[in-house]
There are 2 protein chains.
Amino acid sequence: MAATDKALAGLRQMIASGELGPGAKFPPEPELCDHLGVSRSSLREAVRSLGALGVIESRHGSGTYVSALDPAAIISRFSLSVELIPLEGVLELLEVRRVLESHATAAAAARQDPDLAEHLGKVLDQLESTTEATEIQHLDAEFHGLICSAGGNPTVTALTEVIRGRGGHYRIFEPGADFDAIKQTSDRGHRAILSAILTRDPAAAATAASAHIAQTELWLRALRPEPRPA
Amino acid sequence: MAATDKALAGLRQMIASGELGPGAKFPPEPELCDHLGVSRSSLREAVRSLGALGVIESRHGSGTYVSALDPAAIISRFSLSVELIPLEGVLELLEVRRVLESHATAAAAARQDPDLAEHLGKVLDQLESTTEATEIQHLDAEFHGLICSAGGNPTVTALTEVIRGRGGHYRIFEPGADFDAIKQTSDRGHRAILSAILTRDPAAAATAASAHIAQTELWLRALRPEPRPA
DNA sequence: TTCGGGAAAACGTCTGATGACTCACGCGCG
DNA sequence: CGCGCGTGAGTCATCAGACGTTTTCCCGAA
C-alpha cells in the first residue's frame with residue numbers, strides 16, 4: 001500500500017477503533033511517523049486529507065486532534081467541493097434539498113413556536129423591501145435556515161444549507177428583464193410557507209416549501225445553456 | 001494567509017473560474033508552486049485536501065487532474081468521514097436517509113419497469129433464505145440501491161448509500177436473542193416495499209420505505225447505551 | 001497572588017534528492 | 001509497411017533534514 005494511504009488508514013483506524021474519541025489529541029507527528037512507518041511528509045498529507053473531511057483538526061503549536069465528529073459540521077465541509085459542481089449537477093442536488101427542506105418545513109409547522117413565526121415575519125418584511133442581490137440572498141438563507149433549524153435535525157439543516165449556498169452562486173436576482181416577476185414569485189412563495197407555519201399545517205407547509213424550491217429549480221434550469229458560476 | 005491555504009484557494013479558483021473544467025489537467029507541480037508562490041510540500045498538502053473531497057485526482061507518473069465533478073461521486077467521498085460518526089449522529093443521518101429513500105422509492109414505484117420488479121424479487125428470495133450477517137447486509141444494500149437508482153436521481157442514490165453503509169457497521173443481524181424476530185420484521189418490510197412497487201402505488205411505496213427505515217432507526221436507537229462500531 | 005518572560009513542545013514551511021510510474025516516441029523485427 | 005517493444009523524458013510519490021511560527025506552561029519577580 002502507498003505510504004500516504006497507509007498513514008490514512010492508520011489514522012482512521014485509531015479513531016474507528018475507539019482508541020481516540022471526539023476531541024482527543026493525537027501523539028506528536030514524529031511519534032506517529034514512527035508508529036505508522038511513514039515519513040513526516042506522507043503523514044502530513046494524510047492528516048490534511050482527514051482535515052479536509054472534517055475528521056481531524058491540526059492546531060498550530062498545540063497538536064492534532066480528533067474533531068467533534070458532529071454530522072452537521074462534517075457535512076458543512078462539503079461546501080468546499082459542492083461549490084465546484086457544475087450546474088447540471090446542482091439540479092440533482094436541488095431535488096435533495098427540495099425533499100429534505102420540505103420535510104423540515106413540515107416539522108417546523110407541526111411545532112408551536114410563536115417566536116419562530118415572529119422572527120420569520122420580520123425577515124420576510126426585510127426581504128420584501130430590498131432589491132439588492134446580496135441582501136436578498138442573505139435574508140433568503142436566514143429564512144430557510146431558521147425553518148430548517150426548527151425542524152429539529154441539524155444534519156438536515158447543514159445539508160440544505162450547503163446546497164442552498166451552491167445555488168446562490170447563480171445570480172437569479174440580478175436586475176434584468178424578469179427581475180420584478182421573479183422577485184414577486186419568490187416573495188409569494190415565502191409568504192405561503194410562513195402562512196402554513198402560522199396555521200400549523202404541516203402538509204401545507206411541505207407543499208409550499210416543495211413548490212418554492214421547485215420554482216428555484218426551474219429558474220436554474222433556464223440558465224442551463226449558459227451557466228454563470230460566481 | 002498560510003501557505004497551504006493560499007495554495008488551496010488558488011487551486012479552487014482555477015476550477016471555479018472555469019480555467020480548468022472537469023477532467024482537465026493541471027500544470028506540473030513545480031510550475032504550480034511557482035504560480036501559487038508556495039513550496040512543493042504545501043502545494044501537495046493542498047492537492048491532498050482537494051483530493052480527499054473528490055475534486056481533483058493525482059495520477060502517479062501522469063499528472064494531476066480535475067475530477068468529473070459528478071455530484072454522486074463527490075458525495076461518495078463522504079463515506080470516509082461519515083463512517084467515523086458516532087451512533088448519536090448516525091441517528092440524525094438516518095432521518096435523512098428515511099426521507100430521501102422514501103422519496104426515491106415512491107418515484108421508483110411510479111415508473112413502470114417490470115425488469116426492476118423481477119430483479120428485486122430475486123434479491124428478496126435470496127435475502128430471505130440466508131441468515132449470514134454479511135450476506136444479509138450485501139443483499140439489503142443491493143435491494144435498496146436498485147430502488148434508489150430507479151428513482152432517477154444518482155445524487156440521492158449516493159447519499160442514501162453512504163448513510164446505509166454507516167448504519168451497516170452496527171451489526172443488527174448478529175445471531176442473538178432477537179435475531180429471528182428482527183429478521184422476519186425486516187423481510188416483511190422489504191416485501192411491503194416490493195408489493196407497493198409491483199402495484200405501482202407511489203404513496204404506499206413511500207410509506208413502506210419510511211416505515212422500514214424507521215424500524216432500523218429504532219433498532220439502532222436501542223443500541224445507544226453501548227454502541228459497537230466495527 | 002498575579003503578571004510576565006522564557007523555554008519547551010508542536011505544527012507549518014521550505015529545500016533537495018531519490019524512487020516509481022506513465023506515456024509516447026522511435027527503433028527493430030516480422 | 002505494420003506491429004511490438006524497449007527506452008527515455010515527464011511527472012507524481014516519498015524520504016530526510018533544517019528552520020520558522022505558534023502555543024503552552026512553568027517559574028520567578030513584583
Side-chain angles (χ1 to χ4, degrees), chain A residues 1-15 19-69 73 77 80-81, chain B residues 1-15 19-69 73 77 80-81:
Chain A
M1 192 191 308
T4 303
D5 291 342
K6 188 164 60 172
L8 202 79
L11 292 173
R12 289 189 76 237
Q13 177 62 22
M14 292 173 76
I15 301 174
E19 180 182 342
L20 294 176
K25 182 177 178 177
F26 281 95
E29 289 178 350
E31 198 170 323
L32 277 177
C33 292
D34 187 57
H35 176 55
L36 297 170
V38 300
S39 73
R40 207 178 145 218
S41 315
S42 298
L43 171 70
R44 282 184 58 76
E45 290 189 16
V47 167
R48 280 284 178 190
S49 288
L50 291 175
L53 293 168
V55 171
I56 277 181
E57 304 172 28
S58 280
R59 298 179 207 155
H60 193 176
S62 171
T64 304
Y65 302 80
V66 180
S67 78
L69 293 180
R77 283 315 193 92
L80 289 175
S81 49
Chain B
M1 192 190 307
T4 302
D5 291 341
K6 187 163 60 172
L8 201 77
L11 293 173
R12 290 190 76 235
Q13 177 61 21
M14 292 173 78
I15 302 174
E19 180 184 343
L20 294 175
K25 182 177 177 177
F26 281 95
E29 289 179 351
E31 197 169 322
L32 277 177
C33 292
D34 188 57
H35 175 56
L36 297 170
V38 301
S39 73
R40 234 191 111 209
S41 320
S42 299
L43 171 68
R44 282 183 58 75
E45 291 190 13
V47 168
R48 281 283 178 190
S49 288
L50 291 175
L53 292 168
V55 171
I56 72 188
E57 319 173 12
S58 281
R59 297 179 207 156
H60 192 174
S62 172
T64 304
Y65 302 81
V66 180
S67 78
L69 294 180
R77 283 317 192 92
L80 289 174
S81 47

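Order of the sequence lines sets the chain letters (A, B, ...), proteins ahead of strands, with each chain counted from 1.
What separates CZ of A/R48 from P of C/dG12 is a distance of 6 Å, to the nearest Å. Computed from coordinates, the A/L43 CG to D/dT14 C1' distance equals 13 Å when rounded to whole Å. In this structure, B/E29 places its CD atom 11 Å from P of D/dT14, rounding to the nearest Å. In this entry the distance linking CD of A/E31 with P of C/dA10 reads 8 Å, nearest Å. Rounded to an integer number of Å, the gap from CD of A/E45 to C1' of C/dG12 is 14 Å. Rounded to whole Å, atom P of C/dG12 lies 14 Å from atom CG of B/L8.
In terms of position along DNA chain D, the nucleotide closest to B/T64 lies nearer the 5' end than the nucleotide closest to the other residue of the pair A/S41 and B/T64. Both A/V38 and A/Y65 lie near DNA chain D, and the one whose nearest nucleotide falls closer to the 5' end is A/V38.
Residue A/K25 places its side chain closer to C/dA10 than to any other of D/dT11, C/dA10, C/dT13. Checking C/dC14, D/dT14, D/dC15 against every side-chain atom of B/R44, the shortest atom distance belongs to D/dT14.
Between A/S81 and B/R77, the side chains place no donor N or O within less than 3.5 Å of an acceptor N or O (distance only, hydrogens not considered).
At the heavy-atom level, B/S42 lies under 4.0 Å from the strands shown only through sugar-phosphate atoms.
Within the 4.5 Å cutoff, side-chain heavy atoms of B/L69 are placed close to those of B/I15. A 4.5 Å side-chain heavy-atom check between A/F26 and A/I56 finds at least one atom pair inside the cut-off. Residues B/M14 and B/L32 have side chains in contact (heavy-atom distance under 4.5 Å, counting atoms from C-beta outward). For the pair B/L80 and A/L50, the minimum side-chain heavy-atom distance is 4.5 Å or more. In this structure the side chain of A/T4 never reaches within 4.5 angstrom of the side chain of A/V38, judged on heavy atoms.
Heavy-atom distances under 4.0 Å link DNA chain D to B/S58, B/R59, B/H60, B/G61, B/S62, B/G63 of residues 53-63 of chain B, given in residue order.
Using modelled atom types, no side-chain atom of B/S49 and backbone atom of A/A52 make a donor-acceptor pair closer than 3.5 Å.
In this model, the phosphate group of C/dA17 is not approached by any side-chain N or O of B/R40 to a distance below 4.0 Å at OP1 or OP2.
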